[in-house]
There are 2 protein chains.
Amino acid sequence: MTRKRPPKRRSGCPVNAALEMLGDSWSLLIVRDLMLFGRKTFREFLASGEGIATNILADRLAKLEANGIVTRQRDPEDARRVRYRLTEKGIALAPVMLEVAVWGATHEKTAAPPESIRRMKDERDRVLTEIRAKWEAEGEGA
Amino acid sequence: MTRKRPPKRRSGCPVNAALEMLGDSWSLLIVRDLMLFGRKTFREFLASGEGIATNILADRLAKLEANGIVTRQRDPEDARRVRYRLTEKGIALAPVMLEVAVWGATHEKTAAPPESIRRMKDERDRVLTEIRAKWEAEGEGA
DNA sequence: CCGGATCCGTTTCGATACTG
DNA sequence: CAGTATCGAAACGGATCCGG
């Protein structure tokens, strides 16, 4: 007689809706790797410097895919390789990512290049445009 | 011989730094309650609709306070009451909050008033100014 | 009543070893 | 390379209790 825990309550608040998917320590870091650092493979995410475990990474990638934030496809050139890519919904997180980076750099001790943070603040729209352009360019080869 | 888990690895990435504090399902919801909904007391957070447990809420408030995002003070009028308030560092999360709300409203099913979301997109700077002004006004009475 | 703290079962996380 | 399997540790969460 294992008593089940009731499902998490859902509110219609968009902030809550977003946090249902992104409210953990790893998901947004994977999105960051894809969006800002050009990482695309399981191994590259693993080497990101934060030390995520393989099972957790696999789990989060599956959830991100299930939520339509990333897509997963085998490399036609090298069948061992799997390439992850942000969807339209995923790249739409760019403004969130920018603001999080700016807040973190402003209020915490970080090793971020001051110049890149300055650009995120002062040339916000331009940086966003560049991120999207880069993402679209990468999509060409897919 | 209880083997302890090694401490979480820290990278200098500002996104990671921010997620150390905000990378869970509840912390940002509490900030939202303070920032957007004018909630200030333990009881009001509890009634927020998402059903947080009292022990979790107490834990998150303590962490947010330890991280300098909220302050805590007893109500001089009613000694039973405790008022929480965003710090400068906390109100600086407004741009993050806005972008999260916009993303959630755009890509998930939510009950957010379309008009308020439209304003967050089209009149971003004005909305941010209003949030800060309201926060400063509330501070007067403290 | 308000703002928690404690207890304790359930669930998730996470390090490591292992597999296709 | 890209993941599973395992299993102990830690976090969560519901109920309940407590000091003011």
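In the text below, chain A, chain B and the rest are named by the order of the sequence lines, each starting its count at 1.
Residues satisfying the side-chain hydrogen bond (donor to acceptor under 3.5 Å, both in side chains) test with A:Glu65, not counting sequence neighbours, are none. B:Arg74 is linked by a side-chain hydrogen bond (donor to acceptor under 3.5 Å, both in side chains) to nothing, counting only residues two or more places apart in sequence or in another chain. Under the rule for a salt bridge (Lys or Arg N to Asp or Glu O under 4.0 Å), the partners of A:Arg80 that lie at least two apart in sequence or sit in another chain are A:Asp78. Every residue was checked against the side-chain hydrogen bond (donor to acceptor under 3.5 Å, both in side chains) condition with A:Arg9, not counting sequence neighbours, and none meets it. Every residue meeting the side-chain contact (heavy atoms from CB on, under 4.5 Å) condition with A:Thr71, not counting sequence neighbours, appears here in chain and number order: A:Arg85, A:Thr87. With sequence neighbours excluded, no residue forms a side-chain hydrogen bond (donor to acceptor under 3.5 Å, both in side chains) with A:Arg81.
For the pair B:Arg60 and D:dA11, the criterion of a side-chain N or O lying under 4.0 Å from OP1 or OP2 is not met. A:Arg81 has no side-chain polar atom (N or O) that falls below the 4.0 Å cut-off from OP1 or OP2 of D:dG3. Listed pair B:Tyr84 / C:dC2 fails the phosphate criterion, with no side-chain N or O lying under 4.0 Å from OP1 or OP2.
In this structure, A:Arg72 atom CZ and D:dA2 atom P are separated by 9 Å, rounded to whole Å. Going from atom CZ of A:Arg83 over to atom C1' of D:dG3 covers 19 Å, rounded to whole Å.
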Protein proximity profile, nucleotides 13-20 of chain D - base contact B, sugar-phosphate-only contact S, no contact -, cut-off 4.0 Å on heavy atoms: BBB----B
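DNA chain C is contacted by B:Thr41, B:Phe42, B:Arg43 of residues 40-48 of chain B, taking any non-hydrogen atom closer than 4.0 Å.
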Show me the donor-acceptor pairs within less than 3.5 Å that the side chains of residues 89-101 of chain A make with the rest of the protein, sequence neighbours left out.
residue	atom	partner	partner atom	Å
A:Lys89	NZ	A:Asn67	O	2.8
A:Lys89	NZ	B:Glu108	OE2	2.6
A:Glu99	OE2	A:Arg124	NE	2.9
A:Glu99	OE2	B:Arg124	NH2	2.6

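Both the sub-6.0 Å distance and the 45° axial angle are not jointly satisfied by B:Lys121 relative to the ring of B:Trp103.
Counting only residues at least two apart or in different chains, salt bridge (Lys or Arg N to Asp or Glu O under 4.0 Å) contacts with residues 42-60 of chain A comprise A:Asp24-A:Arg60, A:Arg32-A:Glu50, A:Asp59-A:Lys63.
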Listed pairs, N/O of protein and of nucleotides 18-20 of chain C, under 3.5 Å:
none

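End-to-end axis angle for the helix from C:dC1-D:dG20 to C:dG20-D:dC1, using five pairs per end and rounding to 10°, comes out at 30°.
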